**Q** 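Please read through the structure below; I'll follow up with questions.
Bear in mind the structure is a predicted one, so any value in this text is a computation, not a measurement. All values below were derived from every heavy atom in this structure, side-chain atoms included, with hydrogens, water molecules and symmetry-related copies excluded.
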Amino acid sequence: MSQQLPDVQASSPEVSVGLNRVGVTGVEKLVKLHRPGDRPIVLMAEFEVFVDLPGWRKGADMSRNMEVVDEMLEEAVSEPALRVEDVCGDVAERLIDKHEYTTQAEVRMEAEYMIREATPATDRPTQATADIIASATASEDGTTREEIGCHVVGMTVCPCSQGMSESRARDVLEDLDVDRGTIDEFLSEVPQPGHSQRGHATLTVETAGQPQVDLNELIDVARDSMSARIYNLAKRPDEDHMTFESHSDAKFVEDCVRAMAEGLVEAYPDLPDDTVVRMEQSNDESIHQHNAHAERVAEFGRLKSELDRDTDS
């Protein structure tokens, strides 16, 4: 005769302290997103699933969390169309329903996303990769906030280093008796060298319900915020194009974050004011042992007003 196993998680802990996030990480699942009239997108996604835990309960039901994730992702495969942030939102809402002691559930997902594109100078087909970032937080009051965004890689050139190179070039040209007008014209046409960095841009948008943005457009905004895009395939004309473009638009790490803000407002001027925007830029320095980092987290309304003030001035 089988004996009922004790529910240890439901017992009282020795220390009655509540916890904000209890759950599982590193859950890998295959997610198939359908697109009308096109081939589906297949993602190998990694999930994090959390619930809050009251002080009177010893542990969360980990197996129940996994059950919900499995059920929801199986449904995501069969649905005719789904966005990754909706997958997270549906799982978070189910977690709230299945855990009577939980007031908030959070689901996060990251996956590598392939982009088909052409090289900038030779127009050859190639692919780029971006990391999708999606999350959702469901609360017991019935509200759900969803987040969608990306992490992309690009190239930046240091304006300070470039300015020193330009000053050196000007001195040399003056010593060669080149007139000032010709020097100015030459330097305006031929950007001088500066030390370059591999740049990492992160851009996410979080709203109540589903964010009314397109993932591919967010990826474009993030990639275009740096000095130049980079490509997996690059023939010599493409390399020349990327080098020239990046040195023609030298940017500090701070400039990249501001460019993301400007690009997002231009692409989506009508986002709700309470939309939370997260923008981060990290550069792998080439001539230093340290790296450079800048970020901004702000509500969209505040961000838009700051840009409006900048335009008016």
**Q** Can you find a pair of side-chain heavy atoms, one from Met109 and one from Val84, that are under 4.5 Å apart?
**A** yes
**Q** Under a 4.5 Å cut-off applied to non-hydrogen side-chain atoms, are Thr156 and Cys256 in contact?
**A** yes
**Q** Please give me the minimum heavy-atom distance between Val253 and Gln281, naming the atom from each residue.
**A** CG2-O, 3.2 Å
**Q** Do side-chain atoms of Lys304 reach the backbone of Pro269 as a donor and acceptor pair under 3.5 angstrom?
**A** yes
**Q** Between the side chains of Glu295 and His293, does any donor sit under 3.5 Å from an acceptor?
**A** yes
**Q** Give the minimum heavy-atom separation between Asn291 and Glu285, together with the two atoms involved.
**A** OD1-N, 3.1 Å
**Q** Counting neighbours of CZ on Arg198 that are heavy atoms of other residues, nucleotides or ligands and sit closer than 6.0 Å, is the number greater than 12?
**A** no
**Q** Answer yes or no: is there a donor N or O on one side and an acceptor on the other, between the side chain of Asn283 and the main chain of Gln197, under 3.5 Å?
**A** no
**Q** Passes side chain to side chain contact (heavy atoms under 4.5 Å, CB included), Met226 versus Val153? Steps please.
**A** CA-CA 9 Å; Met226 291 175 273; Val153 179; 5.9 Å; no
**Q** Please name the pair of heavy atoms, one in Thr243 and one in Ser246, separated by the smallest distance, quoted to 0.1 Å.
**A** O-OG, 3.0 Å
**Q** Is there side-chain contact between His200 and Val152, with heavy atoms separated by less than 4.5 Å?
**A** no
**Q** Who clusters with Met164? Use side-chain heavy atoms, under 4.5 angstrom, across I, L, V, M, F, W and Y, and order the result by chain and number.
**A** none
**Q** So which atom in Leu233 and which in Thr119 form the shortest heavy-atom distance, rounded to 0.1 Å?
**A** O-CG2, 3.2 Å
**Q** Who are the salt bridge (charged side-chain N to carboxylate O under 4.0 Å, His left out) partners of Arg21, not counting sequence neighbours?
**A** Glu106
**Q** If you define the side chain from C-beta out and look only at heavy atoms, does anything of Glu146 sit under 4.5 Å from Cys88?
**A** no
**Q** Which atom pairs, donor and acceptor, lie under 3.5 Å between side-chain atoms of residues 40-54 and protein residues at least two apart or in another chain?
**A**
unit_1, atom_1, unit_2, atom_2, d
Asp52, OD1, Thr103, N, 2.9
Asp52, OD1, Gln104, N, 3.2
Asp52, OD2, Thr103, OG1, 2.2

**Q** Does the side chain of Val277 come within less than 4.5 Å of Thr204's, by heavy atoms?
**A** no
**Q** Just verifying a value: how many Å separate Leu303 CG and Glu262 CD, rounded to the nearest 0.5 Å?
**A** 10.5 Å
**Q** At their closest point, which heavy atom of Ser139 faces which heavy atom of Ile96, and how far apart are they?
**A** C-CD1, 4.1 Å
**Q** Can you confirm whether Glu254 sits close enough to Val257 that some side-chain heavy atom of one is under 4.5 Å from a side-chain heavy atom of the other?
**A** no
**Q** Taking only Lys NZ, Arg NE, NH1 and NH2, and the carboxylate oxygens of Asp or Glu, determine whether Arg229 and Asp220 approach each other closer than 4.0 Å.
**A** yes
**Q** Is there a side chain to side chain donor-acceptor pair (under 3.5 Å) between Asn216 and Tyr113 once you walk through the steps?
**A** CA-CA 10 Å; Asn216 289 295; Tyr113 182 69; 3.1 Å; yes
**Q** Does a salt bridge link Arg296 with Glu306, judged by any charged N lying under 4.0 Å from a carboxylate O?
**A** yes
**Q** Go through Lys251 and Ser227 one step at a time and tell me if the side chain to side chain contact (heavy atoms under 4.5 Å, CB included) criterion holds.
**A** CA-CA 6 Å; Lys251 288 180 177 178; Ser227 296; 3.9 Å; yes
**Q** Measuring only between side-chain heavy atoms, which start at C-beta, is Arg124 closer than 4.5 Å to Lys235?
**A** yes
**Q** More than 12 foreign heavy atoms under 6.0 Å from CD of Glu185: is that the case here?
**A** no
**Q** Is it the case that Ser135 and Glu147 place a side-chain donor and acceptor less than 3.5 Å from each other?
**A** yes
**Q** Scan side-chain atoms only and decide if Ser305 and Asp308 contain a donor-acceptor pair under the 3.5 Å cut-off.
**A** no
**Q** So Gln210 and Asp86, side chain to side chain donor-acceptor pair (under 3.5 Å) or not? Walk me through it.
**A** CA-CA 7 Å; Gln210 183 188 90; Asp86 290 341; 2.7 Å; yes
**Q** Is there a donor in the side chain of His151 and an acceptor in the side chain of Thr202, or the other way round, less than 3.5 Å apart?
**A** yes
**Q** If I take atom CD from residue Glu217 and atom CG from residue Leu264, how far apart are they, to the nearest 0.5 angstrom?
**A** 10.0 Å
**Q** Run the side chain to side chain contact (heavy atoms under 4.5 Å, CB included) test on Thr129 and Met114 for me, step by step, so that the C-alpha distance in whole Å, both residues' side-chain angles and the decisive distance to 0.1 Å come before the verdict.
**A** CA-CA 5 Å; Thr129 57; Met114 301 301 298; 3.2 Å; yes
**Q** Is Glu166 salt-bridged to Arg168, cutoff N-O under 4.0 Å?
**A** no
**Q** Salt-bridge test for Arg170 and Asp184: reply yes if a basic N is under 4.0 Å from a carboxylate O, no otherwise.
**A** yes
**Q** Could you check Arg236 against Asp238 for salt bridge (charged side-chain N to carboxylate O under 4.0 Å, His left out), going step by step and ending with a plain yes or no?
**A** CA-CA 5 Å; Arg236 290 182 68 183; Asp238 302 309; over 6 Å; no
**Q** Do we see a donor-acceptor contact under 3.5 Å between the side chains of Tyr268 and Gln212?
**A** no
**Q** So which atom in Ala92 and which in Ala136 form the shortest heavy-atom distance, rounded to 0.1 Å?
**A** CB-O, 4.1 Å
**Q** Decide yes or no for Glu280 and Arg278: does some side-chain heavy atom of the first lie under 4.5 Å from some side-chain heavy atom of the second?
**A** yes
**Q** Take Thr144 and Thr137, measure what side chain to side chain contact (heavy atoms under 4.5 Å, CB included) needs, and give me the verdict at the end.
**A** CA-CA 6 Å; Thr144 300; Thr137 302; over 6 Å; no
**Q** Within 45° of the six-membered ring axis of Tyr231 and under 6.0 Å from that ring's centre, is NZ or CZ of Arg223 located there?
**A** yes
